[in-house]
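Here's the structure we're looking at; comments come further down.
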Amino acid sequence: VLEIATTDEPPGLRLDGEVDLASAEELSSALEPHVRRGGDVTLDVARVRFMGSSGILVLVRALNSLEGRGRLVLLDPPEGIRRLIEITGLDRVEHLDVRNGT
Amino acid sequence: VSAAAGAGERFEIDLPGDPAYVATARMFASSLARQVGVDEEMLDDLKLAVSEACARALGFGAGEGLRVRAHLADERLVFEIPQGESGPSGATADLAAGLSLELVTVLFDDAELLQEDDGTYTVRFSVKVA
């Protein structure tokens with residue numbers, strides 16, 4: 001189960017729950033207007049308890065759609081997600097930042 | 001699901017072939033692992049690997065149901081997640097399934113996609129029981 005809230009400052013989404021095959025489509029839809037608008041998109045993932053490869057694919061597709069018109073920022077990823085980002089090589093992808101907010 | 005842990009003990013869960021139940025498969029795997037004494041530090045990797053194997057199975061044979069099997073052997077907890085007809089060529093043909101299998105392989109050294117006697121495939125890997 002994944003809860004998605006829109007944030008204005010910074011523009012993006014705040015996620016709470018699990019990003020897997022069951023919720024990836026929902027995340028993709030929620031990201032779509034942000035990606036279409038362009039500019040930096042911040043995903044607050046501090047409360048994401050699980051993320052699988054389907055979540056990674058959503059992020060990669062969002063980056064592709066952004067086409068460099070903005071950056072994708074992952075805010076406060078917990079240890080498990082940090083590890084997933086590293087082993088999939090997403091941390092080395094252009095236009096993606098991992099940031100700690102606090 | 002049986003609970004008493006000893007060598008050769010087998011565990012199994014059958015779930016509907018629906019993405020919503022992949023979370024249930026993750027919980028089954030992590031609570032079983034905790035119960036038989038797998039190191040807490042391994043649980044995140046285990047949940048990810050089981051989740052990926054289930055996602056891969058669903059990506060090919062959705063609707064047929066999800067199954068996670070586990071057994072204890074040589075002080076390891078061995079997980080098996082049936083993949084139906086989807087062998088190695090199917091995996092490379094599909095980006096998502098390929099990534100799922102790749103992740104399992106990265107997480108667990110002994111991970112493999114093996115072919116059963118009946119021609120179907122199974123993802124298998126094991127984790128040390130402390």
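Note on naming: letters A, B, ... go to the chains in the order of the sequence lines (proteins, then strands), and numbering restarts at 1 for each one.
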ILVMFWY network linking A/Val73 to A/Ile4, side-chain heavy atoms under 4.5 angstrom: no
Path from B/Val78 to B/Phe108 over hydrophobic side-chain contacts below 4.5 Å: no
Structural part of B/Leu48 lying under 4.5 Å from a heavy atom of chain A: both
Between OG on residue B/Ser51 and CE on residue A/Met51, distance to nearest 0.5 Å: 12.0 Å
Spacing of A/Glu18 atom CD and B/Lys47 atom NZ [to the nearest 0.5 Å]: 7.5 Å
B/Glu52 side-chain N/O to A/Gly52 backbone N/O, donor-acceptor pair under 3.5 Å: no
Contacting moiety of A/Ser23, where chain B heavy atoms sit under 4.5 Å: neither
A/Ser53 versus B/Ser100, closest heavy-atom pair with distance: OG-OG, 3.4 Å
Over 12 foreign heavy atoms within 6.0 Å of [atom1], [X]:
{"X": "A/Arg47", "atom1": "CZ", "answer": "no"}
{"X": "B/Asp118", "atom1": "CG", "answer": "yes"}
{"X": "B/Tyr21", "atom1": "OH", "answer": "no"}
{"X": "A/Arg99", "atom1": "CZ", "answer": "no"}
{"X": "B/Glu75", "atom1": "CD", "answer": "no"}

Derivation and outcome, side chain to side chain contact (heavy atoms under 4.5 Å, CB included), residues B/Arg26 and A/Asp20: CA-CA 11 Å; B/Arg26 283 198 295 273; A/Asp20 63 6; 3.0 Å; yes
Flag side-chain contact, heavy atom, 4.5 Å: B/Leu103 against A/Leu84: yes
Pairwise side-chain contact, A/Arg83 with B/Leu107, heavy-atom cut-off 4.5 Å (strictly under): yes
